[in-house]
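The next block holds one structure in the form of structure tokens; read it before the comments.
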2 protein chains.
Amino acid sequence: MNIAEFDVVTTEGSATQRAYHLLRHMIVTGVLKPGEKLKIDGLRNRLETGASPIREALSLLTSDNLVERHDQRGFTAAAVSVDNFQEILVLRSSIEDLALRASIANATQDWEERIVLAHHRMLRAEGKETDMFEQFHKAFHMELLANAASPIMLKFCSQLYDLNIRYRYLAGSAMNYQRRDVRDEHNGILDAAVARDADTASERLLNHYKLTGAFLSGLLGNGALA
Amino acid sequence: MNIAEFDVVTTEGSATQRAYHLLRHMIVTGVLKPGEKLKIDGLRNRLETGASPIREALSLLTSDNLVERHDQRGFTAAAVSVDNFQEILVLRSSIEDLALRASIANATQDWEERIVLAHHRMLRAEGKETDMFEQFHKAFHMELLANAASPIMLKFCSQLYDLNIRYRYLAGSAMNYQRRDVRDEHNGILDAAVARDADTASERLLNHYKLTGAFLSGLLGNGALA
DNA sequence: CCGACAAAAAATATCGATTATTTCGCCAAA
DNA sequence: TTTGGCGAAATAATCGATATTTTTTGTCGG
């Protein structure tokens, strides 16, 4: 999987491919609301395609935990809850800790350059539209972990990232969370990774999550999910 | 997800459901070989159903890393390699370590009884046909982890379990691995879990994986994958 | 007024056929 | 011999229609 292409909405490829990316984007960004029934016919009209590609795309999305499949009762957008949010936060922290340490253990000059580049691209995307920034933000985080040479683990991390960012969109804070000292946090993580200091890098990464987690938890607790 | 129903091949439900369970079983047990092209028409005949359920089932299986989807070029059974096997082993050990410790941290009498029961059922299935034993073996391992109250993590573990057991079938040793001192190992894990001794339980669980891993690695290295 | 049952409506799931794409085999030219 | 196309065959993907299932609605009897 090409890191740079995570999550890009395309207009090429098969109808299934297009439907998959479009639906995923609509769910992650909250256009399709949690728990909402995803009726084949409705989506068929919206995406201007047949039932087969829609069903196939929805099946693919169930594996990402973004869609729930109820046999013979159709599909719904995955539910959300405070518990679910906490679970994602905790699990993500644990697994990314593993991944980052493994990544650093395998550090090479090549990887070093890739994370610096990903970081630079993210900086340049600041102030651009949210979707664009989010794309590079994810690319940076995934590139940090990619050197662990564990495709399955990377896929898990990617999934958890998407599940988490969905809550950010739901809380309507995808934009303004850019305000916090996130830039400094990213710098700190990058520096430690480049220095191949696994303990510091991991500590900063986890703190990064803990902070955004607490921030979001506050918003969500105030009924943003209700 | 009901632990006891992991992986059961049903004849009820929708055609998609049936196709999903059947195909999954065929891939895990090696009836469909790694890398094999999964032609829709061929499967259509074999499973006596239409193309739509097949495609949908295959889409669901891609999320389990058991099928690879190549846009406009169909599906293949997931490839295998020594690297992949090692990755699964390492990742599984790491994540199950987390899960087991969390499970024990949440220990209740109810959970205690569930794992004892699962263990008993596994013992009773010894000597029965492989598939039956495997079902209870998996149920026991999943039940150990289920008390972590982290559905996503449990799903990851379930996936990794299936990926791992696939190698066991490929090595043709699903049966005779029952001979090793696996029974003692399981007893040891159960005892430590019941005693709520996380360190010992985890150590024994990981050792259990390390041993089967080394055992299989030997077989696989000798060209069983070629 | 409420609950059970039946018919109607809506939605899902599936099929068979059609369309689009890739793959393969062949031949000609370099 | 290799390379580059050109069909033809094979396969994947998609569509439109039909069958199946679930959900809703309406009616009757208690």
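So that the names make sense, note that chain A is the first sequence line, chain B the second, and so on, each numbered from 1.
With rounding to whole Å, L43(A) atom CG is found 16 Å from dT14(D) atom P. Nucleotide dT20(D) holds its C1' atom 12 Å from the CZ atom of R18(B), rounded to whole Å.
Atom NZ of K210(B) has 12 or fewer heavy atoms from other residues, nucleotides or ligands within 6.0 Å.
Side chains of E126(B) and F133(B) form a contact here, defined as non-hydrogen atoms less than 4.5 Å apart.
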For residues 38-45 of chain B, please give each side-chain donor-acceptor pair under 3.5 Å, one per line with the distance, not counting sequence neighbours.
residue, atom, partner, partner atom, Å
R44(B), NH1, T49(B), O, 3.4
N45(B), ND2, D41(B), O, 3.4

So which protein N/O to nucleotides 10-13 of chain D N/O distances come out below 3.5 Å?
residue, atom, partner, partner atom, Å
dT11(D), OP1, K39(B), NZ, 2.8
dA12(D), OP1, K37(B), NZ, 2.9
dA12(D), OP2, I40(B), N, 3.3
dA12(D), O3', G74(B), N, 3.3
dA13(D), OP1, Q72(B), N, 2.5
dA13(D), OP2, R55(B), NH1, 2.6
dA13(D), OP2, R55(B), NH2, 2.8
dA13(D), O5', R55(B), NH2, 3.4

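Running 5' to 3' along DNA chain C, contacts with non-hydrogen atoms of chain B at under 4.0 Å begin and end at dA13(C) to dT23(C).
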Is there a side chain to side chain donor-acceptor pair (under 3.5 Å) between Q72(B) and S14(A) once you walk through the steps?
CA-CA 7 Å; Q72(B) 270 152 345; S14(A) 60; 5.3 Å; no
Kindly determine whether R114(B) and H119(B) satisfy side chain to side chain contact (heavy atoms under 4.5 Å, CB included), including the steps that lead there.
CA-CA 9 Å; R114(B) 285 204 307 276; H119(B) 182 254; over 6 Å; no
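There is no side-chain donor-acceptor pair under 3.5 Å between H21(A) and H25(A). At a cut-off of 3.5 Å, with distance as the only test, no side-chain donor of D97(A) or Y209(A) sits close to an acceptor on the other residue.
Checked by atom type and distance alone, the side chain of N147(A) pairs as donor or acceptor with a backbone atom of N106(A) at under 3.5 Å.
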